Structures are given as C-alpha cells and as structure tokens.
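Here the structure is a predicted model, which means the values were calculated and not measured. Throughout, a chain's letter reflects where its sequence line sits, starting with A, and its residues are numbered from 1.
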Protein chains: 4
Amino acid sequence: MARPKSDDKRNALLLAAEQVFAERGLAAAPTSAISRQAGVAEGTLFTYFRTKDDLVNALYRSIKLELADALMAHFPRQGPVRDRLEYLWNAFVDWGVANPQRLNVLDQLSVADIVTDESKAVGYEPFAEIEALAQHSIRTEILQAYPCEFIAASMKALAETTMGFMNAYPAESGLYRKIGFDVFWRGVARKAD
Amino acid sequence: MARPKSDDKRNALLLAAEQVFAERGLAAAPTSAISRQAGVAEGTLFTYFRTKDDLVNALYRSIKLELADALMAHFPRQGPVRDRLEYLWNAFVDWGVANPQRLNVLDQLSVADIVTDESKAVGYEPFAEIEALAQHSIRTEILQAYPCEFIAASMKALAETTMGFMNAYPAESGLYRKIGFDVFWRGVARKAD
Amino acid sequence: MARPKSDDKRNALLLAAEQVFAERGLAAAPTSAISRQAGVAEGTLFTYFRTKDDLVNALYRSIKLELADALMAHFPRQGPVRDRLEYLWNAFVDWGVANPQRLNVLDQLSVADIVTDESKAVGYEPFAEIEALAQHSIRTEILQAYPCEFIAASMKALAETTMGFMNAYPAESGLYRKIGFDVFWRGVARKAD
Amino acid sequence: MARPKSDDKRNALLLAAEQVFAERGLAAAPTSAISRQAGVAEGTLFTYFRTKDDLVNALYRSIKLELADALMAHFPRQGPVRDRLEYLWNAFVDWGVANPQRLNVLDQLSVADIVTDESKAVGYEPFAEIEALAQHSIRTEILQAYPCEFIAASMKALAETTMGFMNAYPAESGLYRKIGFDVFWRGVARKAD
DNA sequence: CATGAATGAGGGTTCATTCAT
DNA sequence: AATGAATGAACCCTCATTCAT
C-alpha cells in the first residue's frame, strides 16, 4: 500500500480542530483553518474525515475517551465509596485544569447538535462503571436514594463549576478542588462523615 | 441614536431569533430566517440591530433580564435563609421548565463566544442581590464559609442540571425540583435542617 | 416593493448562460463565468435561479419557446400540405442559421440529463400542432403511413443536418435549404410532386 | 513512450469510462469513478492516459473504430447500390441497437468539445469508402446530384433517429429499421425502385 | 508499474450586510 | 422607516493530477 494513511496526520487534524474550535468557536471554524493549523492541504482533511461533521464527531469521541482514560485507568476498585468518588472527582478536575482547551471544546460539542446520538452513546460507555458504583452505593444506603443519573449529572455539573474556579484562581486551586467535592458529597451522601 | 419606531418589531425579532436558534442551533441560523420568522424584511433586522452579533447579545441580555425578573420580582426579603433560597430555586427551575426553548438558547449563548464580557456582566447584575444574601448567610454561619460566588455558581449549576431532568421526565418534575434543592442545600449549609 | 426583480437581468443571465455554454460547453461552465458575462455579482444569479440546474432548465424552455414562436407565429393554417411543411422547414432552418449558438446550446441541453422531463414536456407543447398536421396528412394519404412522431423526428434530424451545412457553407445556404427539404419530402410523401 | 504493460487494463479503463459516462453523464464522471469501475487504482488511469481528455478522445476513437468495423468488415463490394446501402444501414442500426450504451456515449462525445478535430478526422476515416460509393453513385445518376457528404450526413442522421425508435419500441424494431431506410432511399435516390 | 494519499484550485451556494427604491 | 435585490467573501467539498512508497 502506497503511503498509508498516517495516524500522526489524523491526530494532528484532531488536535488542530480542538485548537481552532477553542479559539474561534465551533460555529466559526472553517475547515481551511483546521487544515492550516494541522499543516496539511485543505483537501487532506477530507481524506481523513469524510465531512466536517465526521471530524467533529471523531473529536468528541476522542476527547471523551481520553477523559475516560484519565478517570478510569487507575480507578481504585476497592475502598470506601467516599474515597473512590473523591478519586474520580480529583481525576476529573485535574484533567480539566490541565486541559482547559479540551474541556472547553468538550462543552461546546456537548450542546452542539452536530454530535450524533451514536457518538454520545459511545462517549458515555466508559463511564458506565461509575454509574454502577453509584447504583451500588445507593442500594447500600451510602448515597441518597436518588436516580443515579441525577447524582452523576450533579457531580459533573459541580465538577465543571469547580474547574471554572480553579482556572480562574490558580492560587486557590487546591482549595476549590476540596470544597467542591465537599459540597457534592454532603449533597448526595446519606451521612456526611 | 433615536430609538427605532416600533418596540413591537424589536421584540418580534428577539423572539424570532430565540425560536430560530432553538430549532436550528445558533451556528446555523441565518439572519434571513430570523427576519422571516419575525415577519419583517431582511434589511429591517439591521435597523434594529447593527449586526447579527448585536442581536445575539441583545437576546442574551433580554433572556437574562426576564429570568432575573422571574426570580426577583416576588423574592421574599424576610424569613429563614433556607426558605428564601428555596424560593429562588423554585422560581428558577419553574421558569426553566415553563420556557424550555428560552433556557436552551440561554445555554447555547452562554458558551458561544459571540456574547461579550460586557453582556455577561450586565446579565449578572440583577443576581447581585442573591449574592448579597449568600454573603450575609455566610457571615451568620448559616452557610459554609466558601466564597459566595462559588455557592452561587453551584446553585446555578445544580439548578440547570435539575431543569434538564424536569424537562426530560415531566411526570417526575416535582420530585426532581425537590431533590435538586436538597442536594444543593445539604451541600452548602452548615447544618442541614 | 423595493427594487423589483428585473426582467432585464433575468434575460441577461439567460443570454449569458447561452453564450458561456456555447463557448465552453455545458459541463465546464461555472456559474461565476455566467454572472460575469451577465454583468452581475456571483450571488445575483441565485436570486433569479435557485440553482444552476434551474437556470439550465429555464434556458431550455426559453429557447424552445422562442423556436416555437419562430415556427408557429405565422404558420399558414391553409394550403397544400407540402407548402405548409416547407414553411415550417424554412422557418426552422432560418432560425437555426440566424441563431447558431442558440441551436448549439439547445442540442447540448437536449442530451444533458439536467433537463427534467417536465421541462421537456413544456418545451414540446407548442409543437403539438405540427404533429396534428402530420397525423391528418397521414390519414388523408398524403404522407406515408408511418408513426407520425417518426416523421417529425426525421424532419428534425434532416433539418439539423441541413443547418450544419448551411452554416458551414453560407454561400450555398439557399441551395442546402432546398435540397434538404426535398430529401425530407420525397422520403415521407406518398407521391413526390 | 513504450506502450504500458497491459492492454487488458487499458481496455478495462475504456470500458469503465463508457459505463460511467452512460450512467452518470460525461459531465459528472470523475476519473476516480472510472478507475474504481475498472478495478484499478486512481493513479493507474494516468499511466494509460496522460489526462482525462486523452481518455475521452481515446474512447471516442475506439467506439468509432468498432462501429466502422461493424459496418465495413463484411461490406459487399459488389451488387446494386441500393442493396449495398441497405447493408450499411442495417449494419449501423443493428450495432446501435445491440450497443445502446455505446451509442449513447458516442452521442454525448459527438457534441462534447473535449473531442478534438483530429479525433473526429480519425474517426471519420474508415467511413471514407462509403463516401466513395456515394460519389460513384451520384456520377452514375443513381443518387441525386447532391454533395455527397450531405447524403452521408443525411444517412447518419436518419439512422440515428431510427435507432432511437428501435430502442424505444423494441417490438417494432424490425419495422422501424425498414421504414427508416425507405425514407432515406426515397429521399436521395433518383428513382425509387 | 501499481498504489492511493496528498494537493490546491475551483465549483456551487450561502449569507451578513448595503443601498436603491 | 421598510423593503428585498444586490453584493462578494467565505464556506465545504470535489477532483484531476502528482508523487512517495
């Protein structure tokens, strides 16, 4: 096979898309700017992604997967629920603070209707284990008897809020990380310990 | 610049913009579609708003003001903090559930970078009184000793999460409204009562 | 109504399309070249014709109508069949020789699959009277008992062949016009007179 | 330039081009579709034909040659003029009816301006013998004293018209073949026999 | 020679904005 | 002030052709 499609180039395009979306917003990001940023010809983008929408969906999945990896790679399968949730919390906000651009783009993509339901499903899958943990904790009466997607969504919402403050006030970063989790835990736990 | 003749037309344009943004997404909403929806000529839009960005910012402010009115118009200046916060909470989510389109557009606008910092500042202003309430409550040790913008932001994040569930499961609407507030209150209060 | 859509501009666009198609071929005729030739902005073309295909179909109909007018406007409703057919023959080839470009484009359009069946039907309508004449002449045994569309098609084919020679040898133009008709008439008449 | 390795591949490309042109029209036929249809890589097409135009011209010549072969291979060098012309007529329309796709493409190519005058000259050459026959017949007063290219052109025009009807009404195919020739013969012969 | 990724000029079309009416 | 035709820069994508493998 002559000159195989290069993973490097594909990744360069995804990264470039991320940067351009972060800078100019998903709406106003021409594919030409993405190609230029990636250092390839305009047409090349379309040998790696059939359409701009395809690129957007691929980027969404790729960020979601990376995030999943950050959360789940060393996730402790044992120990008190509180500790395990705090681990997730910290992994999440640390990732978000380390990759503010990526997080910003993920937020944009999450509301954009270019991202298909299928992509959303794929992106959600790795987080199923968290849901399982939550479910178990509800049954064992550690967490409140709320629908567990609601608990997960609350966690996400509070974590993103927290990240906003961590980014805005880097000096207080550690403090916000902690009080953010405290708010979440007290909010959803049966007994605050 | 003398105010253009008809406030009706201006409002019709804002409303039309909201509808079109809700249906097609902020990105894919041509001004021509907005004019058509408003029942005016394409050019007319530009006598009421100098540019499309102006229209978007005006819409953002108008929604924010309406929301502020919904929250603050009958806000009880007396009574226990918990009750007063719950009043706000309920007013917020009720508004969101009554105006899902408007809420959706507000979400879109909040991440769009067309909305200027100035608009965001203007949109925040009416909520200052809430902040004052929070500040007072912190000093009187009713709420946790967190930065009060953090508490406000947490409230907003949880309320929006809650609204999402209320819209998704209308039958459980009342339930979510309640448990949403409980999560928030336990999260930020010194003593859950 | 502000600045009404101008028939002049519409016609200029049709004429420009004809010229550009004649020069560069239907396939390789960018709309930008048509706009330029018509002396309008690129976008203007699309306020008069929704798509390029629309323009092509409109051009086809317009040429067909013009041709129909050239043939039928003074068509003699009386007299010997031979004379009446010769009138048509002459009107056709005279028009074709006077408008070689237009004829050329009509030929291109006739095989192009951009032209819809509906357009073809509309374009055929004015020629129905000729068919009626042919049918009558077959019944009265002036013409051979062939399907009359076949006679019409033969006439067209021979006329276009004839026009080719008239254009190629303008000095002999009159001669070809005559012998062309003779070939046709002897071919389809019961008795050559 | 040494002939490239495989004549098979060259022919496969010509055949593929014919199929793709027939299906999608000359205008909308990308070289990539032709390569795919031929089962070769995109680049390979260009080792057999320097440009797309070259391919088109080669296809034109190839079809013309094949047609010439169909007409001339068993052309009777003896016998009455009428019989010999009828032989040609039948050979022509039979070929056209047996290869409708090929005929269709030939029609498209004949009006396309991609085909060079040189190609047209080459394509005409094998038909010279017919012209010679016509010329002889005119001198011996069997045919009318018309320019013999005009007679040839008329024959071609009527034959193509005839083929159209043969393809459209296969059940009447034999009938059209016959009356088509009759129209032609009466049109150009001095004495219809 | 065969392959198919890479290229970038153009293609048709959209759209925010202007301006003649 | 209101209208909507006019404008032309940009957009996404295609495709003939080149060239590294």
Verdict with reasoning, C/Glu160 to C/Leu103, per side-chain contact (heavy atoms from CB on, under 4.5 Å)
CA-CA 9 Å; C/Glu160 296 206 336; C/Leu103 179 66; 3.9 Å; yes
Atom CG of C/Asp53 to atom C1' of E/dG11: distance rounded to whole Å?
13 Å
Kindly calculate the angle separating the two end axes of the helix from E/dA2-F/dT21 to E/dT21-F/dA2, each obtained from five base pairs, and round it to 10 degrees.
0°
Whole angstrom value for the distance that separates C1' of F/dT17 from CD1 of D/Ile34:
14 Å
Please determine if a side-chain N or O atom of D/Tyr48 lies less than 4.0 Å away from the OP1 or OP2 oxygen of E/dC1.
no
Whichever of B/Glu42 and A/Gly43 has the more 5' nearest nucleotide on DNA chain F, that residue is B/Glu42
What integer distance in Å separates A/Leu55:CG from F/dC11:C1'?
15 Å
For D/Gln101, does the CD atom sit with more than 12 other heavy atoms under 6.0 Å from it, leaving out its own atoms?
yes
Is there a side-chain contact between A/Arg24 and A/Pro30 (heavy atoms, below 4.5 Å)?
yes
Taking the side chain of D/Thr31 as heavy atoms from C-beta outward, which of E/dT3, E/dT17, F/dT17 is closest to it?
F/dT17
Does the side chain of C/Lys120 come within less than 4.5 Å of C/Tyr60's, by heavy atoms?
yes
Is a side-chain donor-acceptor pair under 3.5 Å present for B/Thr47 with B/Thr44?
no
Separation of atom CG in A/Leu45 from atom P in F/dC13, rounded to whole Å
9 Å
C/Lys5 has an atom NZ; how far is it from atom C1' of F/dT3, in whole Å?
14 Å
Run B/Val122 and B/Leu65 through side-chain contact (heavy atoms from CB on, under 4.5 Å) and show every step you take.
CA-CA 9 Å; B/Val122 171; B/Leu65 281 184; 5.7 Å; no
Phosphate OP1/OP2 of F/dT7 contacted by C/Thr44 side-chain N/O (<4.0 Å):
yes
Chi angles and distances behind the side-chain contact (heavy atoms from CB on, under 4.5 Å) call for D/Phe21, D/Val56:
CA-CA 10 Å; D/Phe21 291 160; D/Val56 169; 4.0 Å; yes
Sorted by first residue and then second, give each salt bridge (charged side-chain N to carboxylate O under 4.0 Å, His left out) pair with at least one member in residues 100-113 of chain C; sequence neighbours left out.
C/Glu18-C/Arg102, C/Glu66-C/Arg102
Walk me through whether B/Leu55 and B/Leu14 qualify under side-chain contact (heavy atoms from CB on, under 4.5 Å).
CA-CA 7 Å; B/Leu55 167 61; B/Leu14 286 172; 3.8 Å; yes
Please give, in whole Å, the distance from E/dG12 C1' to C/Arg50 CZ?
13 Å
Indicate whether OP1 or OP2 belonging to E/dT17 is found under 4.0 Å from a side-chain N or O atom of B/Lys52.
no
Should D/Lys9 be listed as having a side-chain N or O under 4.0 Å from OP1 or OP2 of E/dC1?
no
Cationic N near anionic O, under 4.0 Å, A/Arg61 to A/Glu118
yes
Give me the residues of residues 11-30 of chain A where at least one heavy atom lies under 4.0 Å from an atom of DNA chain F, by number, or none.
A/Ala29, A/Pro30
Under 4.0 Å: is that the gap between some side-chain N or O of C/Thr47 and OP1 or OP2 of F/dA5?
no
Closest-nucleotide mapping onto DNA chain E: is D/Ala41 or C/Ser32 further toward the 5' terminus? I mean the 5' end.
D/Ala41
Pick base, sugar-phosphate or nothing for A/Ser6, based on heavy-atom distances below 4.0 Å to the nucleic acid.
nothing
Rounding to a whole Å, what distance do you find between C/Arg36:CZ and E/dG10:P?
11 Å
Please give, in whole Å, the distance from E/dC1 C1' to D/Arg10 CZ?
16 Å
Considering heavy-atom distances to DNA chain E, does B/Phe46 or D/Val40 have its closest nucleotide positioned more toward the 5' end?
D/Val40
